[in-house]
Amino acid sequence: MSRGPELIITEKDNAARRIADILSGESATAERQNDVNVYKWGGKRCIGLSGHVVGVDFPAEYNDWRDVEPVELIDAPVTKEPTQEGIVAALRKLARNASRVVIATDYDREGELIGKEAYELVREVNEDAPIDRVRFSSITDNEVQEAFANPDELDFDLAAAGEARQVIDLTWGAALTRFLSLSARQLGDDFISVGRVQGPTLKLIVDREREIKAFDPEAYWELYGNLTKSGGDPFEARYFYLNDEGNEAERVWDGDVAEILTEALNAAEEAVVDDVRRRTRTDEPPTPFNTTAFIRAAGSLGYSAQRAMSLAEDLYTAGYVTYPRTDNTVYPEDLDPRELIEELSAASTFGSDAKGLLDADREIEPTEGDKETTDHPPIHPTGELPSASDLSEDEWEVYELIVRRFLATCAEPATWERLRVVALANGEASAIAERADGLAALRDPDEAAGPGDLAADGGLRLKANGKRLLEAGYHDVYPYRSSDERIVPDVEVGETLALDDRRTEAKETQPPRRYGQSRLIEEMEKRGVGTKATRHRTLEKLYDRNYIESDPPRPTRLAEAVVEAAEEFADHVVSEEMTAQLERDMQAIAAGEKDYDEVTAASRELLDRVFEDLTESREAVGDHLQKSLKADKTLGPCPECGADLLVRKSRQGSYFVGCDGYPDCEYTLPLPSTGKPLLLDETCEDHDLRHVKMLAGRKTFVHGCPQCKADAADEQEDEVIGVCPECGEGAASPRDGGGETADAGGELAIKRLRSGSRLVGCTRYPDCDYSLPLPRRGELEITDETCEEHDLPHLRVHSGDEPWELGCPICNYREFTARQEGSELQSVDGIGEKTAEKLQDAGVDGVTDLKDADPDELAADVDGVGPDTVRDWQANAD
DNA sequence: GCAAGGTC
């Protein structure tokens with residue numbers, strides 16, 4: 001029996017460190033082994049994995065897509081190989097002489113599987129050491145001590161449930177993905193994928209798009225007026241009637257009726273209050289953040305799901321917030337909210353709001369959501385306070401959101417007072433309404449829900465709903481939810497109010513809206529599709545695969561074709577039922593009612609049947625996919641040969657427009673060099689080509705019709721504004737290594753390129769490629785002012801409301817690069833805006849310069865910075 | 001190169 005150390009294995013480094021701290025009383029020390037932290041104290045070692053360190057795949061002989069029929073993958077063997085070599089090697093080394101092993105991975109199904117993977121790796125090198133499993137629902141002193149005092153065994157059934165999922169996902173995903181890709185001859189980077197999670201997610205988006213396309217708008221009218229109590233402010237009131245079912249309705253569906261009602265409303269100058277109703281409503285504080293709720297809240301601050309998660313992960317790694325991937329919406333018992341609020345109250349920004357919660361003399365009882373899980377707590381601040389300069393602007397905004405959400409969950413409800421006033425306008429209206437009533441009945445005798453009761457005896461009904469915040473409650477600490485009031489004054493029944501600003505608005509019913517990213521993630525969660533850690537990544541994947549574009553995402557033709565093909569032949573893979581079925585099977589395996597073999601065999605049989613139909617229709621499916629792929633790239637007719645103009649990618653990776661008739665027709669048009677082209681539905685009237693938008697993150701812009709852009713550039717003469725500093729008269733030196741000499745007579749001119757971009761460049765291009773960038777938009781004015789240093793005119797740009805001064809194009813470019821270098825420096829941990837400026841003053845232009853600098857020399861040049869700080873930056877810059 | 005699930 002080996003007397004070596006005891007080995008504890010966790011799911012991630014962070015958990016390893018905290019568990020080591022707890023069990024060692026903070027005496028553990030960290031050591032690096034194969035780039036992995038190993039925590040060490042007494043006779044113990046603790047190592048953190050990185051989730052799964054082995055992955056399932058097919059044996060190498062199945063790798064060639066062309067050689068292997070996709071159908072063969074269904075019954076192909078599935079192997080498990082290390083994917084994280086360094087961690088696996090470190091684990092083996094530690095396990096070899098361990099006297100005992102404790103698996104302390106997350107307390108959920110995937111954690112059990114990761115634990116089993118570790119178990120198998122340990123057993124490969126150590127057959128004897130006992131292997132225990134500990135489970136705890138949060139990493140705190142009590143829970144961890146308790147769990148380690150009462151070790152359990154690994155649950156192999158639960159792990160087998162996870163393995164069944166892995167194999168089913170792999171066989172369905174790989175076989176169908178290869179089939180679709182091969183049938184459409186898409187074998188490069190642009191293969192056509194499907195899977196258990198991306199399938200139903202894509203169908204959700206495509207189905208909504210179908211609803212939108214099928215939508216038939218209907219016209220209706222709404223009537224409004226402003227009411228005023230004498231001496232008060234006007235408030236808006238809206239006309240309503242009672243429909244056939246006796247319910248209040250605001251939309252008038254008949255134009256003639258709307259006209260008669262408008263006439264009646266316009267004839268009225270006052271309205272008499274008929275009814276006043278007042279009630280108070282409590283507005284409960286929000287529940288704790290799980291991943292989905294967090295993504296949604298960050299979404300309303302303008303962050304994409306992917307960006308929000310990436311920021312939260314940074315904050316987690318830095319120790320400021322808890323683990324961001326969680327389904328849990330109930331704080332664990334060991335969280336003492338009062339203590340955490342006290343810690344937060346030391347912060348400058350939200351500290352006083354936190355204090356406010358403590359001052360109120362009451363028990364603090366945080367809200368609870370519906371879901372309670374055992375792996376991680378809801379996302380909340382740790383109490384470790386960053387200073388604003390430790391974080392980027394975005395990180396800070398997200399951090400503050402998480403802090404304020406926590407504070408809000410500990411705050412009191414808000415109370416609102418609702419006031420509803422109904423007033424009657426134009427006592428004559430009932431007679432008029434009778435006319436309208438008859439008219440509507442005449443027009444639409446079959447309509448089940450007719451116009452009903454258009455006016456009361458006293459006149460047309462107008463209603464106003466006011467709300468006033470009586471107790472702000474949680475709104476004081478959580479400004480992300482609207483606490484706007486709508487003021488309706490106190491009025492009494494019988495009181496006469498002035499009526500003016502009467503108006504009738506013609507409207508149309510709107511198609512359902514596209515799902516936004518956070519809404520999609522909510523829908524996925526609701527349907528049980530994907531997990532807290534993968535839902536946002538699935539959306540990212542759909543973008544990558546050219547299935548969706550823009551935000552809110554809309555499906556491409558390819559996506560529609562993939563969903564159509566799947567619906568016809570493999571409905572299971574685009575239906576949420578596949579996940580539901582799998583979930584039931586996994587539960588049965590975990591409960592010992594079914595086994596792994598039984599479940600995976602049944603799934604393979606189902607996939608076999610799918611392939612029977614699919615193989616017969618291979619050509620038709622491929623054809624349809626190819627047509628859709630082409631439609632996504634088609635702009636319109638080629639002006640030279642009439643074939644389709646398509647977006648193409650050059651060998652260098654840049655996009656351009658080329659003719660489908662190539663090589664017979666060589667017609668091309670350039671596209672801007674920044675971003676990825678997106679074809680809009682809007683077409684150019686002159687050239688019948690779809691407009692192009694260039695997607696480039698924040699720099700996204702609409703390029704428009706590429707033919708128009710090219711024509712405009714051809715028509716525009718270059719405008720000379722000075723002498724080329726590189727090859728013009730009096731230029732200082734020959735060009736570097738070019739062999740050409742200066743003073744070749746080059747001049748600088750404002751040019752417009754066929755790709756739509758604008759620049760100041762040398763007239764000797766391409767012999768001299770000196771150039772300076774100019775903004776894409778706005779009219780350029782050449783002013784009388786001259787730059788003394790460069791002898792060039794100052795430029796002014798007219799775009800938007802206010803013209804702005806670009807100044808000398810050389811000076812402008814110099815400032816621009818300085819800013820770029822500054823922001824590059826700021827990307828290094830520990831360097832803020834001010835420090836970046838100081839470094840630039842000391843001649844450090846960007847991160848490369850910083851890394852090359854001698855720490856002592858640089859420290860001497862920069863105030864208040866020592867050589868060690870410089871070394872820290874250099875380390876951080878790697 | 002395929003999936004989905006961990007983690008960074």
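Naming: A, B, ... by sequence-line order, numbering from 1 per chain.
Following rounding to the nearest Å, A:Glu540 (CD) and B:dA4 (P) show an atom-to-atom distance of 15 Å. Taking atom CG of A:Leu182 as the reference point, atom C1' of B:dC2 lies 10 Å away to the nearest angstrom. A straight line from CD of A:Glu117 to C1' of B:dG5 spans 10 Å, rounded to a whole angstrom. Between the CG atom of A:Asp375 and the P atom of B:dG5 there is a distance of 14 Å, rounded to whole Å. Remark: C1' of B:dA4 and NZ of A:Lys80 are 14 Å apart, rounded to the nearest angstrom. Regarding A:Trp172, its CH2 atom lies at a distance of 16 Å from the P atom of B:dG5, rounded to whole Å. Rounded to whole Å, atom C1' of B:dG5 lies 16 Å from atom CG of A:Leu539.
Note on A:Arg178: a base of the nucleic acid sits closer than 4.0 angstrom, heavy atoms only. A:Val53 comes within 4.0 angstrom of nothing in the nucleic acid, heavy atoms only. Note on A:Gln166: a base of the nucleic acid sits closer than 4.0 angstrom, heavy atoms only. Contact annotation for A:Gly48: no contact, since no heavy-atom pair falls under 4.0 Å across all strands. The residue A:Glu11 sits close only to the backbone: its heavy atoms come under 4.0 Å of sugar-phosphate atoms, none of a base. Residue A:Asn63 is classed as a base contact, given a heavy-atom separation below 4.0 Å to a base. As judged by a 4.0 angstrom heavy-atom cut-off over every strand, A:Tyr323 is placed among residues touching the sugar-phosphate backbone only. Counting any heavy atom pair closer than 4.0 Å across all strands shown, A:Trp65 reaches a base atom. Within 4.0 Å (heavy atoms only), A:Arg545 reaches sugar-phosphate atoms of the nucleic acid but no base atom.
For A:Arg165 and A:Glu583, the salt-bridge test fails: no basic side-chain N is under 4.0 Å from an acidic carboxylate O.
Taking side-chain N and O atoms only, A:Lys532 has no distance below 4.0 Å to OP1 or OP2 of B:dG5. Between A:Ser50 and B:dG6, a side-chain N or O to OP1/OP2 separation shorter than 4.0 Å is absent. Using a 4.0 Å cut-off, some side-chain N or O of A:Arg196 falls inside it from OP1 or OP2 of B:dG5. A sub-4.0 Å separation between OP1 or OP2 of B:dA4 and a side-chain N or O of A:Thr531 is absent. Here A:Thr317 does not reach the OP1 or OP2 of B:dC8: none of its side-chain N or O atoms lies under 4.0 Å away.
Two residues, A:Lys12 and A:Phe191, neighbour DNA chain B, and the one matched to the more 5' nucleotide by heavy-atom proximity is A:Phe191. Toward the 5′ end of DNA chain B lies the nearest nucleotide of A:Asp189, the other residue of the pair A:Asp106 and A:Asp189 mapping further downstream.
For B:dC2, the base has a donor-acceptor partner in the side chain of A:Asp57 [N/O atoms by modelled type, under 3.5 angstrom].
Between A:Phe148 and A:Phe136, the ring planes are parallel. Angles under 30° get that label, and only those over 60° would be called perpendicular.
Both tests do not hold together for A:Arg545 against A:Tyr543: distance to the six-membered ring centre under 6.0 Å, angle to the ring axis within 45°.
Surrounding CG of A:Asp64 are more than 12 heavy atoms belonging to other residues, nucleotides or ligands, all under 6.0 Å away. Surrounding CZ of A:Arg584 are more than 12 heavy atoms belonging to other residues, nucleotides or ligands, all under 6.0 Å away.
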